[in-house]
Novice: 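Can you keep this structure in mind? I'll have questions shortly.
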Amino acid sequence: MSKLRVLAAALGVGALLLSTAACAADDEPVAAPADLGAVVPVEGCGADSYVDPADLNPTRKVARCAANAPAPQPLKEPATIRMTAASRSSSLAPIFVGMELGEFEKENLKVEFSVLPFADAMPQLAAGRVDISYGGTEAGLFNAVNQGLAIKWILGNFIEPKSADLSQPQTGLWARRDIFSDPQNPKLAELKGKTLGSTVGAASAIAYPMNKALTEAGTSLQDMQIKQLTPTDLMTALANKAIDTAWLLDPYWLTAASSPDKYVLIGGQAPGEPLGGFYTGKSMLEERPEVLQAFVRAYIRTINTHLDGDYIKKENVLAAIVAGTQQPRESLTRTPALTFDWEIRKGTGEEEQKVFIAFKTVKYTEILPEDRYVDRSFYARAVGHTGS
């Protein structure tokens with residue numbers, strides 16, 4: 001049971017991607033960023049500020065600099081970044097806190113945030129109408145890259161510190177106890193034929209860890225019936241027995257956790273492995289790399305300064321998250337702090353693609369190499385590391 005670990009934010013794959021692929025097909029692959037100068041040591045960012053991407057140990061320390069590092073390097077001219085995400089998730093705390101507490105302003109940078117489904121944002125990224133989008137490593141991302149859209153994954157997002165301990169209520173896969181033959185000892189094999197409430201399902205980043213755990217238990221994701229619902233409707237459907245299981249985000253899982261006799265957490269997030277983050281296209285990588293570098297620097301500094309440890313207890317931080325997420329204050333204070341991890345692990349995209357290819361949610365059959373969709377150079381440069 002404890003092997004089932006899933007990503008929190010499962011975002012959509014839309015038809016808009018296919019409709020714009022033809023006009024993007026003639027685009028050249030993303031070129032190397034314009035010369036930003038030599039990578040130099042960054043004060044406050046030492047050996048602990050960069051972790052070998054190949055280190056997949058879930059207990060490893062995440063990269064960190066000292067508070068207020070890396071220091072701002074204000075752009076010569078004010079710049080605006082158009083950023084999108086599918087929802088106002090609390091996992092976007094570094095954005096909302098950075099905006100409210102002035103970390104982006106210190107870089108002479110303004111972030112314009114709007115809500116847009118991740119799949120719809122990808123062709124907008126390729127066309128330069130959106131600069132940065134937040135989402136998961138979904139099938140839609142890989143389809144976009146395969147079809148010639150110039151998009152790169154530049155930052156990770158977070159890991160759930162309690163994901164290995166399913167006795168701790170948290171974001172994750174919750175099930176009705178009454179669907180199991182032994183409600184007090186649920187077994188994953190009994191999920192065969194059951195319904196799963198999800199925003200996407202087999203096309204989302206949850207597919208890889210979920211299918212791995214189910215396969216080890218003698219079943220698979222293909223053996224479940226997936227129903228697509230909005231995050232706000234999942235708990236209602238679970239309570240009404242319209243579905244058997246559901247991936248519940250913050251703060252919706254609090255309702256399930258308040259009735260432990262009815263619901264049980266059977267899967268958490270992948271320990272130590274961010275399965276989503278920030279993506280960008282040509283408008284930043286080729287045309288404004290110095291602006292992208294400023295964004296990455298501010299994002300990392302926000303984490304180091306304001307979001308390390310139990311940040312929910314900091315009044316100014318909590319106020320910024322409440323304003324940004326538009327979620328009730330009392331709900332946010334009842335959910336555990338996330339561990340933000342700006343780095344991208346090696347092999348995550350490959351493992352995702354294996355499942356997407358098997359489930360035919362991508363339009364190709366050969367795994368795309370990592371350099372087609374990952375660029376670690378911006379966060380490495382921000383902390384003074386020469387890794388790419």
Novice: Is the shortest heavy-atom distance from the side chain of Ser181 to the side chain of Glu190 under 4.5 Å?
Specialist: yes

Novice: Holding to salt bridge (charged side-chain N to carboxylate O under 4.0 Å, His left out), I want the full list of residues that pass it with Glu343, two or more places apart in sequence or in another chain.
Specialist: Arg345

Novice: For Thr255, is there any backbone N or O sitting under 3.5 Å from a side-chain donor or acceptor partner on Trp253?
Specialist: no

Novice: Tell me whether Lys314 contacts the main-chain N or O of His306 through its side chain, where contact means a donor paired with an acceptor under 3.5 Å.
Specialist: yes

Novice: Check this for me: Lys262, atom NZ, are more than 12 non-hydrogen atoms of other residues, nucleotides or ligands nearer than 6.0 Å?
Specialist: no

Novice: Please work out which of the three classes, parallel, tilted or perpendicular, describes the rings of Phe278 and Tyr299, given edges at 30° and 60°.
Specialist: perpendicular

Novice: Quick one: which residue pairs count as a ring-ring contact (aromatic ring centres under 6.0 Å, His included) with a foot in residues 65-103, not counting sequence neighbours?
Specialist: Phe96-Phe113

Novice: Any sub-3.5 Å donor-acceptor pair from Thr137's side-chain atoms to Leu275's backbone N or O?
Specialist: yes

Novice: Has the side chain of Gln170 got a donor or acceptor atom that lies under 3.5 Å from a matching backbone atom of Gln168?
Specialist: yes

Novice: Can you measure from CZ (Phe378) to CG (Leu285) and round to the nearest 0.5 angstrom?
Specialist: 5.5 Å

Novice: Check this for me: does any side-chain nitrogen of one of Asp308 and Arg64 sit under 4.0 Å from a carboxylate oxygen of the other?
Specialist: yes

Novice: Has Glu350 got a side-chain atom pairing as donor or acceptor with Ile367's backbone, closer than 3.5 angstrom?
Specialist: no

Novice: Please answer whether the main-chain N or O of Ala207 pairs with a side-chain N or O of Asn211 as donor and acceptor at a distance below 3.5 Å.
Specialist: no

Novice: Taking the side chain as C-beta and beyond, is there a heavy-atom pair between Phe295 and Leu155 under 4.5 Å?
Specialist: yes

Novice: Quick one: closest heavy-atom pair of Gly135 and Tyr279, and the distance?
Specialist: O-CE1, 3.7 Å

Novice: Side chains of Thr302 and Ile95: closer than 4.5 Å at any heavy-atom pair?
Specialist: no

Novice: Heavy-atom count check: over 12 atoms from other residues, nucleotides or ligands less than 6.0 Å from Lys346 NZ?
Specialist: no

Novice: Please examine the side chains of Ile154 and Met284, heavy atoms only from C-beta on, and report whether any two atoms are closer than 4.5 Å.
Specialist: no

Novice: Keeping the roles fixed (side chain from Lys227, backbone from Ala237), state whether a donor-acceptor pair exists under 3.5 Å.
Specialist: no

Novice: Salt-bridge test for Arg301 and Glu105: reply yes if a basic N is under 4.0 Å from a carboxylate O, no otherwise.
Specialist: no

Novice: For Arg129 and Gln124, indicate whether the former's side chain and the latter's backbone hold a donor-acceptor pair under 3.5 Å.
Specialist: no

Novice: Sub-3.5 Å donor-acceptor pair from the side chain of Tyr379 to the main-chain atoms of Ile344, do we have one?
Specialist: yes

Novice: Between Trp153 and Thr348, is a side-chain contact (heavy atoms from CB on, under 4.5 Å) present by the stated rule, with each step listed?
Specialist: CA-CA 12 Å; Trp153 185 11; Thr348 297; 4.1 Å; yes

Novice: Run Val317 and Ile312 through side-chain contact (heavy atoms from CB on, under 4.5 Å) and show every step you take.
Specialist: CA-CA 7 Å; Val317 170; Ile312 293 294; over 6 Å; no

Novice: List the steps and the verdict of salt bridge (Lys or Arg N to Asp or Glu O under 4.0 Å) for Arg60 and Asp341.
Specialist: CA-CA 11 Å; Arg60 75 182 187 286; Asp341 187 355; 3.1 Å; yes

Novice: Are there over 12 heavy-atom neighbours, none belonging to Glu43, within less than 6.0 Å of that residue's CD?
Specialist: no

Novice: Residues two or more places apart in sequence or in another chain: which of them pass side chain to side chain contact (heavy atoms under 4.5 Å, CB included) with Ser90?
Specialist: Asp250, Thr325, Leu332

Novice: Applying side-chain hydrogen bond (donor to acceptor under 3.5 Å, both in side chains) as the test, list every pair that has at least one member in residues 66-82; sequence neighbours left out.
Specialist: Arg82-Asp131

Novice: What's the verdict on side-chain contact (heavy atoms from CB on, under 4.5 Å) for Phe180 and Leu191, showing C-alpha distance, side-chain angles and the deciding distance?
Specialist: CA-CA 8 Å; Phe180 298 103; Leu191 293 179; 3.9 Å; yes

Novice: Measure across Val383 and Val42 and return the closest heavy-atom pair with its distance rounded to 0.1 Å.
Specialist: C-CG2, 3.7 Å

Novice: Measure across Asp244 and Leu238 and return the closest heavy-atom pair with its distance rounded to 0.1 Å.
Specialist: O-CD1, 3.4 Å

Novice: Kindly compute the distance separating OG (Ser259) from CZ (Arg176), expressed to the nearest 0.5 Å.
Specialist: 13.5 Å

Novice: Considering only heavy atoms from C-beta outward, does the side chain of Tyr252 approach that of Thr171 to under 4.5 Å?
Specialist: no

Novice: For a quick test of reading the model, state the closest non-hydrogen atom pair linking Ser133 to Phe118 and the distance between them.
Specialist: OG-CD1, 3.6 Å

Novice: Taking atom CZ of Arg297 and atom CG of Leu75, what is their separation to the nearest 0.5 Å?
Specialist: 7.0 Å

Novice: Can you list the residues that meet the side chain to side chain contact (heavy atoms under 4.5 Å, CB included) rule with Thr219, with sequence neighbours excluded?
Specialist: Lys192, Leu214, Asp223

Novice: Hey, what do you get for CG (Leu338) to CG (Asn157), rounding to the nearest 0.5 Å?
Specialist: 9.0 Å

Novice: Taking all heavy atoms of Val296 and all of Ala382, pick out the closest pair and write down the distance.
Specialist: CG1-CB, 4.1 Å

Novice: Do Gln353 and Val362 touch side chain to side chain, with heavy atoms closer than 4.5 Å?
Specialist: no

Novice: Spell out, as yes or no, whether a donor-acceptor pair under 3.5 Å connects the side chain of Asp52 to the backbone of Ala54.
Specialist: yes

Novice: Kindly compute the distance separating CE (Met224) from OG (Ser198), expressed to the nearest 0.5 Å.
Specialist: 10.0 Å

Novice: Taking everything shown except Gln327 itself, do over 12 heavy atoms lie less than 6.0 Å from its CD?
Specialist: yes

Novice: For Phe359 and Gln222: C-alpha separation, side-chain torsions, deciding distance, then whether side-chain contact (heavy atoms from CB on, under 4.5 Å) applies.
Specialist: CA-CA 8 Å; Phe359 281 76; Gln222 288 175 307; 2.8 Å; yes

Novice: Measuring from Leu307:CG to Thr339:OG1, what's the distance to the nearest 0.5 Å?
Specialist: 11.0 Å

Novice: Are the side chains of Tyr134 and Met83 in touch, meaning some heavy atoms are under 4.5 Å apart?
Specialist: yes

Novice: For residues 312-341, which residue pairs qualify under ring-ring contact (aromatic ring centres under 6.0 Å, His included), counting only residues two or more places apart or in two chains?
Specialist: Tyr311-Phe340

Novice: Consider only side-chain heavy atoms of I, L, V, M, F, W and Y, link residues closer than 4.5 Å, and tell whether Leu265 and Ile159 are in one cluster.
Specialist: no

Novice: State, to 0.1 Å, how close Thr195 and Ile243 come at their nearest heavy-atom pair, and which atoms those are.
Specialist: OG1-CA, 3.1 Å

Novice: Does any non-hydrogen side-chain atom of Leu318 lie less than 4.5 Å from one of Arg329?
Specialist: yes

Novice: For the residue pair Phe142 and Phe356, categorise the inter-ring angle as parallel (less than 30°), tilted (30 to 60°) or perpendicular (more than 60°).
Specialist: tilted

Novice: Please check if any side-chain donor atom of Thr232 sits under 3.5 Å from a side-chain acceptor atom of Thr230, or the reverse.
Specialist: yes

